[in-house]
Amino acid sequence: MSNTMTVEFSSISSNESFARVTVAAFVSQLDPTMDELTEIKTVVSEAVTNAIIHGYNDQHDKKILISCTLNDDEVELIIQDDGVGIDNIDEAIQPLFTSKPELERSGMGFTIMENFMDKVEIISNPDQGTTIKLIKQFKKSKTLCN
Amino acid sequence: MSNTMTVEFSSISSNESFARVTVAAFVSQLDPTMDELTEIKTVVSEAVTNAIIHGYNDQHDKKILISCTLNDDEVELIIQDDGVGIDNIDEAIQPLFTSKPELERSGMGFTIMENFMDKVEIISNPDQGTTIKLIKQFKKSKTLCN
Amino acid sequence: IGEIQRFIRDDGSVKVSRSLKEIGNRIRKKKDELTKDMGRTPTINELALALELSPEEIVHAQEAARLPHSIHETVYE
Ligand SMILES: Nc1ncnc2c1ncn2[C@@H]1O[C@H](COP(=O)(O)OP(=O)(O)O)[C@@H](O)[C@H]1O
Ligand SMILES: Nc1ncnc2c1ncn2[C@@H]1O[C@H](COP(=O)(O)OP(=O)(O)O)[C@@H](O)[C@H]1O
Ligand SMILES: [Mg+2]
Ligand SMILES: [Mg+2]
């Protein structure tokens with residue numbers, strides 16, 4: 001049986017660390033390694049920051065939705081905003097591409113997600129918001145301790 | 001401007017701990033004392049356990065909803081299930097009253113909520129689920145150490 | 001045995017349950033210490049500052065320290 005949670009919160013940048021620990025606490029039920037947990041938290045930060053600064057242009061009264069499902073040794077993560085959306089996804093996922101160079105963005109958000117997760121899917125259209133679906137498999141527990 | 005989050009999760013007892021972390025992490029933004037935080041977490045435990053074992057009779061495929069709003073130095077917490085509901089609220093809130101003595105329940109859940117929170121409101125009807133609204137004010141000045 | 005020790009010392013590959021529990025113990029000690037010093041319990045930010053952790057990390061580790069040991073750890077200890 002799978003275990004699911006969904007959390008929705010205001011698009012305020014102080015909620016980024018709240019989102020990180022909420023997902024981390026939920027995922028901790030699978031008892032991943034610290035490295036795996038750090039990777040998940042980093043990905044959550046990147047996606048939530050993108051929703052706030054790109055999707056909502058720093059408007060504070062909007063909502064971000066995260067949903068997380070645990071299946072055996074796999075976690076599925078969906079991060080969603082109702083913001084401006086992405087016009088050209090192929091361009092957006094290029095390493096170093098950023099539409100906000102003035103904010104000293106690194107343009108590495110999507111690259112980090114692709115590196116740390118096993119599957120990344122981006123569903124986005126102008127004015128229809130952005131949904132990022134991510135899947136990560138955890139290594140099966142080290143056999144030594146069974 | 002107030003900051004809000006809503007989290008919904010499966011009625012699985014291991015999610016009690018997840019709910020504690022989620023609410024405590026959100027509430028941490030108001031910089032409560034560690035004691036105040038412990039009180040909040042205890043109340044979340046009591047309400048979530050009640051939803052699982054009383055509301056849902058330990059069925060695992062149901063949902064529990066928690067919503068949390070931060071206003072200045074006050075936190076509002078709503079914990080909701082769609083379970084069996086409470087027939088006689090006056091009786092249920094009596095210290096030591098429990099409808100499941102066979103589970104070695106203490107019957108102190110509602111008493112603990114009333115002790116640790118500034119306001120407790122119970123909205124419940126048979127077959128219409130249970131909603132618990134709780135408000136806690138944090139002490140403003142932690143003056144001693146400024 | 002060498003293999004196992006290396007596995008335990010290499011922080012990143014340690015299971016979350018174990019690593020957070022260690023942080024949880026540090027948190028408990030520091031909290032007691034600050035409580036004595038200040039004559040009241042510290043706020044979460046005061047504790048976070050003293051431990052150089054984020055408030056959210058403190059919340060997560062405190063909870064992990066509270067949970068019963070996993071089978072994984074029992075075998076190792
Ligand atoms: N949630 C989003 N809503 C709208 N546009 C987005 C969103 N996420 C990413 N983008 C677009 O994709 C680009 C690349 O994102 P990313 O790789 O995270 O780099 P950066 O955030 O540093 O710009 C962003 O500059 C932005 O144009
Ligand atoms: N969410 C709920 N759904 C249905 N009944 C509930 C719920 N919460 C509490 N109750 C009823 O109120 C009683 C008292 O609750 P509580 O004070 O927490 O004591 P205990 O959980 O130890 O029985 C319970 O025994 C149960 O009958
Ligand atoms: Mg980015
Ligand atoms: Mg109870």
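Nothing here was measured: the structure is a model prediction, and the numbers come from that model. Chain letters run A, B, ... following the sequence lines, proteins first and then strands; every chain starts at 1.
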Notebook entry, point to check: How about A/Asn125: does its CG atom have over 12 heavy atoms from other parts shown lying under 6.0 Å from it?
Noted result: yes

Check: CZ of B/Phe18 to CE of A/Met5: how many Å apart, nearest 0.5 Å?
Finding: 4.0 Å

Next item on the list: Taking atom NZ of B/Lys119 as the centre, report whether more than 12 heavy atoms of other residues, nucleotides or ligands fall under 6.0 Å from it.
Entry: no

Check: Is there a side-chain contact between B/Phe9 and A/Thr6 (heavy atoms, below 4.5 Å)?
Finding: no

Check: Would you say the side chain of A/Asn15 lies within less than 4.5 Å of the side chain of B/Asn3, judging by non-hydrogen atoms?
Finding: yes

Margin query: Which atoms of B/Glu8 are under 4.5 Å from chain A, going by heavy atoms: the side chain, the backbone, both sets, or neither?
Written below: both

Margin query: Can you tell me if A/Asn115 has over 12 outside heavy atoms packed within less than 6.0 Å of its CG?
Written below: yes

Next item on the list: Mark yes when over 12 heavy atoms from residues, nucleotides or ligands other than A/Lys63 sit less than 6.0 Å from its NZ; otherwise mark no.
Entry: yes

Margin query: Within the structure provided, determine whether A/Thr22 and B/Phe26 are in side-chain contact (heavy-atom separation under 4.5 Å).
Written below: no

Item checked: Closest approach of A/Ser2 to B/Ser10 (non-hydrogen atoms, all atoms of both residues) -> O-OG, 4.5 Å

